[in-house]
Engineer: 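Dumping the structure here so I can ask a few things about it.
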Amino acid sequence: MNVSGKYISVTYDGVQYQLCNQRCRDWTHPYEYQGNGSMLTNAGCGIFAIANAACYLGGERVIPEELADFSCACGGRGDDGTDRPALLAAMQEKGLAEKYGFRYEFDGLRNDLDTLHAHLMNGGAALCNLRVGHIVALVGGRIAPDGEKQVLAADPYSESAEPKVIDAVRECVPGSEVISPIPNARGERAKGYLCSYALFWASLSTVRDFNLLHRIFPRK
């Protein structure tokens, strides 16, 4: 049972977001590594994060299935998910980055949080980890009244309530709710439903291993 569909549309602070909802089980397109049978719904967070970032940066809408095929063909699909530097480098070299409204300057995986926050405050975006093993897009930055630097996460798996993330969450954006079933022990039917958010503010301090994406087209 899918309670929320493949996309979540929300307007926030004057920007319209069309966010991919990885929790939707309709994402059945293959995203395999050496024939492991993976699909976008269980392995495509890197693909969806790029789509969310590109939506913010204002280029052409990313078709996740097409980007997944490109990733597998260019070496962007690895044994633990999406190899962001490899995929982004291929996208830049083949013109896909420009098509989708951004450029990648081969930043690699960075951990300079002040550089990241300044980049977001200036209208850029980034791909990052808020917890090990899951990729999200960052699409904004702000400084809270108490001086804390914060980032706006566009999370394809809407992990605002994830135990390893929740302590860093500062504010969830209304309208980005995702309702998904919680399966029972045998996985046969829902024993309840989880409400989480695809767009939320989090502390900058929790961000790890990020790649900067620079806008080349005006945001629509």
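Everything numeric in this text was worked out from a predicted model, so none of it was measured.
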Engineer: Between Asn52 and Cys20, is there a donor-acceptor pair closer than 3.5 Å when you use the side chain of the first and the backbone of the second?
Structural biologist: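 A pair under 3.5 Å: yes.
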Engineer: Within this structure, what is the CG-CD distance for the pair Leu194 and Glu177, rounded to the nearest 0.5 Å?
Structural biologist: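 If I round to the nearest 0.5 Å, the distance is 12.0 Å.
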Engineer: Atom CG in Asp26, atom OG1 in Thr41: separation rounded to 0.5 Å?
Structural biologist: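 Separation between the atoms: 8.5 Å.
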Engineer: Return the minimal non-hydrogen interatomic distance between Pro85 and Leu109, and the atom names on each side.
Structural biologist: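 Looking at all heavy atoms of both residues, the closest pair is CG-CG, 4.1 Å.
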Engineer: With distance as the sole test, does Glu32 use its side chain to make a donor-acceptor pair with the main-chain N or O of Gln34 at under 3.5 Å?
Structural biologist: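 Such a contact is absent between Glu32 side chain and Gln34 backbone.
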Engineer: For a quick test of reading the model, state the closest non-hydrogen atom pair linking Leu113 to Val207 and the distance between them.
Structural biologist: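 That closest heavy-atom pairing would be CD2-O, 3.7 Å.
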Engineer: Should His29 and Met39 be marked as a side-chain contact (heavy atoms from CB on, under 4.5 Å) after you check the CA-CA gap, both sets of side-chain angles, and the distance that decides it?
Structural biologist: CA-CA 5 Å; His29 189 80; Met39 298 179 293; over 6 Å; no
Engineer: Are Arg142 and Glu171 close enough that some pair of their side-chain heavy atoms sits under 4.5 Å apart?
Structural biologist: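 Answer yes - side chains close enough.
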Engineer: Between Gly75 and Ala86, which heavy-atom pair has the shortest distance, and what is it?
Structural biologist: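 That would be O-CB, 3.8 Å.
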Engineer: Quick one: are the ring centres of Tyr157 and Trp27 less than 6.0 Å apart?
Structural biologist: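 So the answer is no for these two rings.
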Engineer: Under 3.5 Å, is there a donor-acceptor pair between the side chain of His117 and the main chain of Gln150?
Structural biologist: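 Answer holds: yes.
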Engineer: Using a 4.5 Å cut-off on heavy atoms from C-beta on, say whether the side chain of Leu116 contacts that of Leu204.
Structural biologist: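 When only atoms from C-beta onward are counted, Leu116 and Leu204 do touch, with a gap below 4.5 Å.
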Engineer: Mind listing the closest non-hydrogen atom pair of Val169 and Ser160 along with its distance?
Structural biologist: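 In terms of heavy atoms, the two residues are closest at CG2-O, 3.6 Å.
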Engineer: Using a 4.5 Å cut-off on heavy atoms from C-beta on, say whether the side chain of Thr115 contacts that of Leu212.
Structural biologist: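 They are in side-chain contact.
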Engineer: Can you list the residues that meet the salt bridge (Lys or Arg N to Asp or Glu O under 4.0 Å) rule with Asp114, with sequence neighbours excluded?
Structural biologist: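 For Asp114 the salt bridge (Lys or Arg N to Asp or Glu O under 4.0 Å) partners, ignoring immediate neighbours, are Lys149.
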Engineer: Rounded at 0.5 Å granularity, tell me how far CZ in Arg103 sits from CD1 in Ile216.
Structural biologist: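 Rounded to the nearest 0.5 Å, the CZ-CD1 separation comes out at 7.5 Å.
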Engineer: Between Thr28 and Leu40, is any pair of side-chain heavy atoms under 4.5 Å apart?
Structural biologist: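 With C-beta onward as the side chain, the pair stays apart.
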Engineer: Just verifying a value: how many Å separate Leu152 CG and Leu199 CG, rounded to the nearest 0.5 Å?
Structural biologist: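 Here the interatomic distance stands at 4.5 Å.
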Engineer: State plainly whether one hydrophobic cluster holds both Phe200 and Tyr12, where clusters connect Ile, Leu, Val, Met, Phe, Trp and Tyr through side-chain heavy atoms under 4.5 angstrom apart.
Structural biologist: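 No, no single cluster joins them.
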Engineer: For Ser9 and Gln18, test the side chains for any donor-to-acceptor distance below 3.5 angstrom and give the result as yes or no.
Structural biologist: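 Side chains of Ser9 and Gln18: pair found under 3.5 Å.
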Engineer: Roughly how far, to the nearest 0.5 Å, is the CG atom of Leu127 from the CZ atom of Phe210?
Structural biologist: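 Reported to 0.5 Å precision, the distance equals 11.5 Å.
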Engineer: Check this for me: does any side-chain nitrogen of one of Glu159 and Arg23 sit under 4.0 Å from a carboxylate oxygen of the other?
Structural biologist: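 No, Glu159 and Arg23 are not salt-bridged.
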Engineer: Cation-pi check, Arg215 to Tyr56: give yes when NZ or CZ is under 6.0 Å from the six-membered ring centre and within 45° of the ring axis, no otherwise.
Structural biologist: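 Yes.
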Engineer: Could you please spell out the steps behind the side-chain contact (heavy atoms from CB on, under 4.5 Å) verdict for Arg77 and Asp83?
Structural biologist: CA-CA 6 Å; Arg77 177 70 166 103; Asp83 183 331; over 6 Å; no
Engineer: Just checking, is any N or O donor in the side chain of Arg208 or Asn129 under 3.5 Å from an acceptor N or O on the other one?
Structural biologist: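 No donor-acceptor contact under 3.5 Å links the two side chains.
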Engineer: Tell me the closest heavy-atom pair linking Ala53 and Ala125, and the distance in Å.
Structural biologist: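 Taking every non-hydrogen atom into account, CB-CB, 4.3 Å.
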Engineer: Between Asn122 (side chain) and Ala118 (backbone), is there a donor-acceptor pair under 3.5 Å?
Structural biologist: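 Side chain of Asn122 to backbone of Ala118, a donor-acceptor pair under 3.5 Å: yes, one is there.
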Engineer: What do the steps show when you test Val136 against Cys128 for side-chain contact (heavy atoms from CB on, under 4.5 Å), and what is the final call?
Structural biologist: CA-CA 6 Å; Val136 308; Cys128 81; 3.6 Å; yes
Engineer: Under 4.0 Å between a Lys/Arg side-chain N and an Asp/Glu carboxylate O for Arg170 and Glu148?
Structural biologist: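 Looking at Glu148 together with Arg170, the answer is yes, because their closest N to O distance falls below 4.0 Å.
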Engineer: Starting from the C-alpha separation in whole Å, work towards a yes-or-no answer on side-chain contact (heavy atoms from CB on, under 4.5 Å) for Leu87 and Ile50.
Structural biologist: CA-CA 10 Å; Leu87 176 54; Ile50 291 175; 3.6 Å; yes
Engineer: Verify, without hydrogens or angle tests, whether Asn111 (side chain) and Asp209 (backbone) share a donor-acceptor contact under 3.5 angstrom.
Structural biologist: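 The answer is yes, because a donor-acceptor pair under 3.5 Å joins these two groups.
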Engineer: Is there a donor-acceptor contact under 3.5 Å linking the side chains of Tyr31 and Ser71?
Structural biologist: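 The criterion, which ignores hydrogens and geometry beyond distance, is satisfied for Ser71 and Tyr31.
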Engineer: Determine all donor-acceptor pairs shorter than 3.5 Å in which one atom belongs to a side chain in residues 91-99; sequence neighbours excluded.
Structural biologist:
from: Gln92; atom 1: OE1; to: Tyr104; atom 2: N; distance (Å): 2.8

Engineer: Of the non-hydrogen atoms in Val151 and Ser203, which two are nearest, and what is the gap between them?
Structural biologist: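 Closest approach of Val151 to Ser203, heavy atoms only: CG2-O, 4.5 Å.
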Engineer: Tell me, do Tyr100 and Leu213 make a side-chain contact under 4.5 Å, heavy atoms counted?
Structural biologist: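 Not in contact.
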Engineer: If two hydrophobic side chains count as joined below 4.5 Å and joins carry through other members, does Ile47 share a cluster with Val62?
Structural biologist: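 Yes.
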Engineer: So how far is it from Phe48 CZ to Thr82 OG1, rounded to the nearest 0.5 Å?
Structural biologist: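 Rounded to the nearest 0.5 Å, the CZ-OG1 separation comes out at 10.0 Å.
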Engineer: For the hydrophobic clusters of this structure (ILVMFWY residues joined by side-chain heavy atoms under 4.5 Å, transitively), does one cluster hold both Phe102 and Ile63?
Structural biologist: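 In one cluster with Phe102: Ile63, no.
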Engineer: Group every Ile, Leu, Val, Met, Phe, Trp and Tyr by side-chain heavy-atom contacts under 4.5 Å, then state whether Leu19 and Tyr197 land in the same group.
Structural biologist: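 No.
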Engineer: Check whether any side-chain N or O of Ser196 sits under 3.5 Å from a backbone N or O of Ser158 as a donor-acceptor pair, and report yes or no.
Structural biologist: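 Yes; judged by distance alone, with no hydrogens or angles, the pair exists.
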Engineer: Do the side chains of Tyr7 and Val15 join up, straight or via other hydrophobic residues, at under 4.5 Å, putting them in one cluster?
Structural biologist: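 Per the 4.5 Å side-chain linkage, Tyr7 and Val15 are co-clustered.
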Engineer: For Pro64, does its backbone N or O pair with a side-chain atom of Glu66 as donor and acceptor, under 3.5 Å?
Structural biologist: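 No: the side chain of Glu66 does not pair with the backbone of Pro64.
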Engineer: Would you call His134 and Pro156 a side-chain contact if the rule is heavy atoms closer than 4.5 Å?
Structural biologist: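 SC-SC contact between His134 and Pro156 confirmed.
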